[in-house]
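Structure first, commentary second.
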There are 2 protein chains.
Amino acid sequence: MSGEEKKRIPKTTVYRLSVYYRALSNLEEEGVDSISSADLSEIAGFSAAQIRKDLTYYGQFGRPGRGYVVSHLKSQLRTILGIDRDWSVALVGVGRLGRALLAYKGFRKQNFIIEAAFDNDPEKVGKEFSGVRVYHQDEMDKVIRSKKIEMGIVTVPEEVAEIIVAKLIDAGIKAILSFAHLPSIFSNGIKVNQVDLSIEMEGLSYYLTHSK
Amino acid sequence: MSGEEKKRIPKTTVYRLSVYYRALSNLEEEGVDSISSADLSEIAGFSAAQIRKDLTYYGQFGRPGRGYVVSHLKSQLRTILGIDRDWSVALVGVGRLGRALLAYKGFRKQNFIIEAAFDNDPEKVGKEFSGVRVYHQDEMDKVIRSKKIEMGIVTVPEEVAEIIVAKLIDAGIKAILSFAHLPSIFSNGIKVNQVDLSIEMEGLSYYLTHSK
DNA sequence: CAAATCAAGTGAAAAATTTAACAAGTTATT
DNA sequence: AATAACTTGTTAAATTTTTCACTTGATTTG
C-alpha cells in the first residue's frame, strides 16, 4: 500500500514474459480472445501456477472464472517489457552475420529500429545495407549521440569485441546484444546479453554425451 | 561408493562449465598453468564456491593448497562437455543467416563439422557455400543418415521451422539449435536450444525500461 | 436463485540452487 | 620440523524459485 512493495522478481521471469507475449500474439492471430492460465501453460510450456505467479509480480490481469483477455494481457506485457515504443539500435560489425541481421525483418516488426551500422572497412563505410547506412567506427560516439541510439548489437570478431563494447558504453549505450564472446566483466548499470554459439553447441554436445 | 551416486545437477551448471572452459582456454594461451577457484572466479564471473561446487558434480580436479592445473582441468571439461571428439552437423536453411553460419570458422575450431546444408531453393541446391554442399530438403533423411549426422542447426523462416524440426527428428537427429522461434513442444528425448533474437532484445528493452 | 464449475490470485510449503564455513590436504617459510 | 598460508572438497545454512493448495470472485446450469 504505502512504501515500496518490491517483491524480488526471479531472473527468469522476464524471459518467460517474452514467451507468454509470443504465445499471446499467436493466439490473437488465431482469433482467440480469452485464455486460462492452464491453457496458456500448454502453449507456453510453463506451469499454470508459474504463469500466474509471474504475472502477479506486475499486477492483476485476469478475472477468476474467466481467465485472461488475450488482447489486454498482450498489451499489458508490451508495457511491462517496454516494447510499447520504438527503440533505436546501432549495429557494429558489418560482416556476414551483421548484414544478415540488418536484413532481418523481425527487428523492425518488433519496433527495434536499426538506425546506424558501423564498421572500419573503408569499402563498407558510406554504403547502405538493407537500407541502413554504414558509418566508420570512429564516428560511433557522434552518430549514436546525435541519433539518440540506446541499444547496440555487436557482430564484430571476437578479438575486437571488448574494445567495441567499451566504445559503445562510452557513447552512452546501456544495453548490448553481443554475438561475440566477452570476458564477463560487466560494468555496473550496463546490460549485456550474449549469444554464444559455441556455448549453445556445447550444450547440445553435453546432452548427447550424457543422455544415452 | 557402491550404487549410483546421481546428485541432481543444476540446469545452469552446464552453461557455466562452458564458460569455465572458455576461460581456461584463454589462460592456457596466456601461458598460465595453474589457477585457484578464487582467481578463476574473477575471470569467469561466478563465485569461487560455485565453481568448486559445479566441478565436484563430475569429480575432483584440483588439489588443496595448489588449485587447478589449467591444461588438466580444461581437458577434463572437454570430456565432460563431450567436445573431445568431432560432431557432424547439418544446417537447414541457406539464407543470409545460414550462409553466415556456414562461413563461421568457430564451429570447425570447436569440432562441430557442418557436413551438409539443406534448402528447397533449386538455385542453391547442388551448390557449395564455404565448402558445404547444399542438398534439397527432400533428401534430408537420406543424407543425414548416410553421413551419420547427429546435430541440426535450423535457420529457416519461422513459418516452416516446426516442419523442418519434425523432419530432422524423423531423420534421427536428437539435438537441435534453432534460430527460429518454435512452439515449445519438445518431444521427449530431444534437446532443442533456441536462439531467439526477439527475446534477447526484449530483455534489453525490459532492462532499460525498469532500471532508470 | 442455489449449486456447481471454473479459474485467478496468493500465502505457505517444497524444491532447487547458491553461498558460507570449515576440515583436511598441500606447500612455503623460518 | 613446526608453523603459517593456501586452497580444495564438502556439509550445512541461506536464499531463491517453483509448486501446491486454498480462498475468493465469476459464470453457468438446473
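Here the structure is a predicted model, which is why all the values come from computation and not from measurement. Each chain gets a letter, A, B and so on, in the order its sequence line appears, and its residues count up from 1.
Applying the 4.0 Å criterion to OP1 and OP2 of D:dT16, one finds that A:R8 has a side-chain N or O inside that range. Contact check, B:S37 against D:dT7: no side-chain N or O comes under 4.0 Å of OP1 or OP2. For D:dT18, the OP1/OP2 oxygens have a side-chain nitrogen or oxygen of A:T12 closer than 4.0 Å. For B:S47, a side-chain nitrogen or oxygen approaches OP1 or OP2 of C:dT19 to under 4.0 Å.
Summarising the geometry, the separation between OH on B:Y15 and P on C:dT17 is reported as 16 Å, rounded to the nearest angstrom. Rounded to an integer number of Å, the gap from OH of B:Y20 to P of D:dT8 is 13 Å. Distance, A:R63 CZ to D:dT24 P: 19 Å, rounded to whole Å. We find that CG of B:L40 is positioned 13 Å from P of D:dT7, with the value rounded to whole Å. Atom CG of A:L55 is separated from atom P of C:dA7 by 16 Å (rounded to the nearest Å). Protein atom CD1 of B:I35 is 16 Å distant from nucleotide atom P of D:dC6, rounded to whole Å. Here D:dT19 presents its C1' atom at 12 Å from CG of A:D54, a figure rounded to the nearest Å. Atom-to-atom, CZ of A:F61 to C1' of C:dA7 comes out at 17 Å; the value is rounded to the nearest Å.
A:T13 comes within contact range of no nucleotide atom at all, as no heavy-atom separation falls under 4.0 Å. Residue contacts for B:R52: at a heavy-atom cut-off of 4.0 Å it reaches a base atom on one of the strands shown. Heavy atoms of B:K11 sit under 4.0 angstrom from primed sugar atoms or phosphate atoms, though from no base atom.
B:F46 and B:Y15 have perpendicular rings, their planes meeting at more than 60° on a 0 to 90° scale where under 30° would count as parallel.
Taking 4.5 Å as the limit, some side-chain heavy atom of A:V94 sits within range of a side-chain heavy atom of A:L102.
Residues A:P64 and A:R16 both approach DNA chain D. Their nearest nucleotides, taken by heavy-atom distance, put A:R16 toward the 5′ side. Take the nearest nucleotide of DNA chain C for A:R66 and for A:K53: the residue whose nucleotide is more 5' is A:R66.
Listed nucleotides: D:dC20, C:dT19, D:dG9. Nearest to the side chain of B:A49: C:dT19. Nearest to the side-chain atoms of B:S36 among the listed nucleotides C:dA7, D:dT7, C:dT18 stands D:dT7. When distances run from any side-chain atom of A:Y68 to the nucleotides D:dT8, D:dC20, C:dG9, the shortest one goes to C:dG9. In the set C:dT19, D:dT10, D:dT18, the nucleotide with an atom closest to the side chain of B:Q60 is D:dT10.
For the atom pair B:F129 CZ and B:D119 CG, the distance stands at 8.5 Å (nearest 0.5 Å).
Outside the 6.0 Å centre-distance limit, the rings of B:Y68 and B:H72 are not counted as a close aromatic pair.
Considering all non-hydrogen atoms of both residues, A:V19 and B:I199 come closest at CG2-CD1, 4.0 Å.
Remark: the A:R78 side chain and the A:S75 side chain contain no N/O donor-acceptor pair separated by less than 3.5 Å.
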